[in-house]
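One structure below.
The sequence lines fix the lettering, A, B, ..., with proteins before strands; numbering per chain opens at 1. The structure presented is a predicted model; accordingly, all values stated were derived computationally and were not measured.
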There are 4 protein chains.
Amino acid sequence: MTEAEALRPGRKRDASRDPAILDAAIEVLAETGYEGMTIDLVAARAKAGKATVYRRWASKNELVLEAVACLKTAGLDPDSLPDTGTLRGDLVAMIKPHSIQDAQRKMQVMGGLVSMLTRHPELVETAQEVIVEPRVRVTRFLLRRAIDRGEIRADVDVDTLALVSSSMAAHRTLIQRKPVDRAFLISIIDGVLLPAVGIVPETAEPAAAR
Amino acid sequence: MTEAEALRPGRKRDASRDPAILDAAIEVLAETGYEGMTIDLVAARAKAGKATVYRRWASKNELVLEAVACLKTAGLDPDSLPDTGTLRGDLVAMIKPHSIQDAQRKMQVMGGLVSMLTRHPELVETAQEVIVEPRVRVTRFLLRRAIDRGEIRADVDVDTLALVSSSMAAHRTLIQRKPVDRAFLISIIDGVLLPAVGIVPETAEPAAAR
Amino acid sequence: MTEAEALRPGRKRDASRDPAILDAAIEVLAETGYEGMTIDLVAARAKAGKATVYRRWASKNELVLEAVACLKTAGLDPDSLPDTGTLRGDLVAMIKPHSIQDAQRKMQVMGGLVSMLTRHPELVETAQEVIVEPRVRVTRFLLRRAIDRGEIRADVDVDTLALVSSSMAAHRTLIQRKPVDRAFLISIIDGVLLPAVGIVPETAEPAAAR
Amino acid sequence: MTEAEALRPGRKRDASRDPAILDAAIEVLAETGYEGMTIDLVAARAKAGKATVYRRWASKNELVLEAVACLKTAGLDPDSLPDTGTLRGDLVAMIKPHSIQDAQRKMQVMGGLVSMLTRHPELVETAQEVIVEPRVRVTRFLLRRAIDRGEIRADVDVDTLALVSSSMAAHRTLIQRKPVDRAFLISIIDGVLLPAVGIVPETAEPAAAR
DNA sequence: CGATAAACGAGACGGTACGTCGCGTCTTCTG
DNA sequence: CAGAAGACGCGACGTACCGTCTCGTTTATCG
């Protein structure tokens, strides 16, 4: 690739145009929504010609997809999360205002993509990777750590449980159109995740029954 | 309404056009997706004129919405469900092939609507009611019955738990684009729902550990 | 044709759009020239949508051609011309200010068409018929009348002579870009046409020489 | 010029590129016509970069114009023409197959220029000089020689008559799109030019009348 | 029972976005 | 530095779809 690129004569793609266009796209996407977004508008906002946009992305859809892909910035890697000592503490630590905001925005954009995925199955994986995987990955990591430290049973269905939070957040954003706020996320943690791994929230009495 | 209708002179609306158009809409929606769907195409398929469509629905969006609303046919009302005696039995009883198929189709169509909801918040409730509520309602009912019969604790978060299944199914269909098959639903039941209400699936040994 | 048209269902073409668009086209054509002319501009000026233009003419070229075809209005039919009794009188009578103006405008438009004809030979005849034939026809008529009244010899090459004036006017407009004014036309009449049919203009002495 | 050129540092312009580009331009011009001609195509055909083209000519129009200017090759200078002793002989001597061909080609290219002249009046003179003047000049020369030798009257309108042949050939090529063949040129000579200078072609009787 | 009025299939209308292509300029690398 | 290659900003092209508006025809109710 790098060789072929070096060998090819002619002016190089202006690397600064890509982010400029993507930023403009994200901006417009956020302001006017997917269908309100116009290539002409994006190009104009990026001070680019339409041809320059189409030289990079074959269609509006692909541009949108990559623009979304660039949203991945939400500092949510496992390492940056503290080990609070308890699963609940870890999960609650994920709920940071700016992280919520980021997820919210991603989901909003995702709304525009959903219909697109129907027609462009090849993009599913990318969307998947960018939008849902990050949070799922972290949750999975936290669950495994809880198992390792003996806090929860080892035979819980980690993979399925890790999806719960993302799924419900997506559902709430895309379909219910309600805000994914702290209270909602807490209710998932305390109402679903923790009970499912056998931790009864403290508000309830110590579960003598059964 | 009926009066005004009776008083108004002129030819009556041909009642048979409504379902014809809606059917065509659903057909096209399923085949080509939301953005691929064209009013001209729908009208042609229903052998109707465009004016006949627009006389009934103000826009493509509203047509799509009502078309979706007509998908509610999947005999999933609480009364038709047997009381198997156990929560797990009840939940598994919901998994019927044609019910799965129906949900699948609904979700597929829902995909096309998501981007629409951004611009037409007034449609959210309808979509909500038609697509997600039915299943959520049934699940909620089953959970309450389990509480009533003393099978599970009374302080579980019924409302949140009832959403789990629908949310995860939606996520799987719309975003992951994987089929919502029996295995997937079972893994939700046994991996999330039952554990969350304190029922450890039988496959695991009787909790000697811990 | 008329039958097929009557039988075809659907809204009829709005007959008033054709002239509106053609007029706008001619207007723009005259103002900005052929390549400066834009379909969008023409449509906007005619308060029409682009589709309405393209429904009638397959391309900018065809629109231009028909617009030109509509210029044929320059009241120059043989009947409207007086019989002055002499060929010179008849020819000079053709030189009327508004007739000159009309020819000028036609030629100007013709300028834009010339390059088009290369690629669309099928349009040559139309252009020919509209632009050059009228004047040629009249000149031919006048020559024949002169023959009939015995003013000139019967064996002059009427067909070729009839073309002289048009050709030279075209040449002057399109290539030399000089105005086709009265003096120029008179010089053609007195310097070429009349001598060629054996009439020596009076300014010269009565042909004692030779 | 030569000094400045010598003083300027850096690589010299590759003189061989000029004719290569011009030839390519003429080639494309002949094949696809003016509007079908693309700078990219010309450059590619000449194995040149676009910048190399634009370093030499400021625009497509100017390139075309100079390309046309290079067509002047058709050995038609007065000196190369024989003095046949009669005007008719001289005029007919101008009709040489390759000369016809050349004129034909020039005119074809001229077709593409006509629309250009509207927008670039400064090019009129060049076009004029290159395309029409050569033939006009020769004709004018022959007419004067005929006067000098006493073959025709001295008071004929030489300037106007000299234009006849070129004008009619242009008209025939550009507008009528018919070939300018020997027969056509002969008919101009015998039907217009010679009669106009008082020479009645031999086929007709000796013009006793008047 | 004829007039009136609305609904119907068909499709033209004014708009607007799409994705393509050409112009003339600018940038990169090679000789 | 010139030259080949080709990306850049710009803007017109011709297409497709939206939602509205006529057409001529069919069907129902009112006078």
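Remark on DNA chain E: of its neighbouring residues Asp40(A) and Lys47(B), the 5'-side contact belongs to Lys47(B), judged by nearest-heavy-atom nucleotide. Comparing Met37(C) and Ala15(A) by the nucleotide of DNA chain F whose heavy atom lies nearest to each, the residue mapping closer to the 5' end is Ala15(A). Both Gly10(B) and Ala43(D) sit near DNA chain F, but only Ala43(D) has its closest nucleotide nearer the 5' end. Ranked by how close their nearest DNA chain E nucleotide is to the 5' end, Ala58(D) and Gly49(B) are led by Gly49(B).
Within the 4.5 Å cutoff, the side chain of Glu31(C) has heavy atoms near those of the Arg45(C) side chain.
No hydrogens or angles were tested; on distance alone, a donor-acceptor pair under 3.5 Å links the side chain of Lys50(D) to the base of dG24(E). At a cut-off of 3.5 angstrom, counting only N and O atoms as typed in the model, there is a donor on one side and an acceptor on the other between the side-chain of Arg11(A) and the base of dC26(E).
Atoms CD (Glu35(D)) and P (dC21(E)) sit 18 Å apart, rounded to a whole Å. Rounded to a whole Å, the CD1 atom of Ile39(C) is 19 Å from the P atom of dA17(E). In this structure, Asp14(D) atom CG and dG3(F) atom P are separated by 6 Å, rounded to whole Å. Atoms CZ (Arg55(D)) and C1' (dG3(F)) sit 7 Å apart, rounded to a whole Å. In this entry the distance linking CZ of Arg13(D) with P of dA4(F) reads 12 Å, nearest Å. One atom, CD1 of Ile21(D), and another, P of dG24(E), lie 15 Å apart when rounded to the nearest Å. One atom, CG of Leu63(B), and another, P of dC18(F), lie 10 Å apart when rounded to the nearest Å. Rounding to whole angstrom units, CZ of residue Arg56(D) and P of dG24(E) are separated by 17 Å.
At least one side-chain nitrogen or oxygen of Tyr54(B) sits closer than 4.0 Å to the OP1 or OP2 atom of dG19(F). At dC13(F), one or more side-chain N or O atoms of Lys60(C) fall inside 4.0 Å of OP1 or OP2 (strictly under the cut-off). For the pair Thr52(A) and dG9(F), the criterion of a side-chain N or O lying under 4.0 Å from OP1 or OP2 is met.
If you check every strand for non-hydrogen atoms under 4.0 Å, Ala51(A) touches a base. Arg17(C) comes within 4.0 angstrom of sugar-phosphate atoms only, judged by non-hydrogen atoms across all strands, and of no base.
With Thr32(D) contributing its side chain and Val28(D) its backbone, the two residues share a donor-acceptor pair below 3.5 Å. The main-chain N or O of Glu125(B) is never found under 3.5 Å from a side-chain atom of Arg177(A) such that the two would form a donor-acceptor pair.
Side-chain contact of Ser16(B) with Asp14(B): a donor-acceptor pair under 3.5 Å is present, judged by distance alone.
Residues passing the side chain to side chain donor-acceptor pair (under 3.5 Å) test with Arg13(B), sequence neighbours excluded: none.
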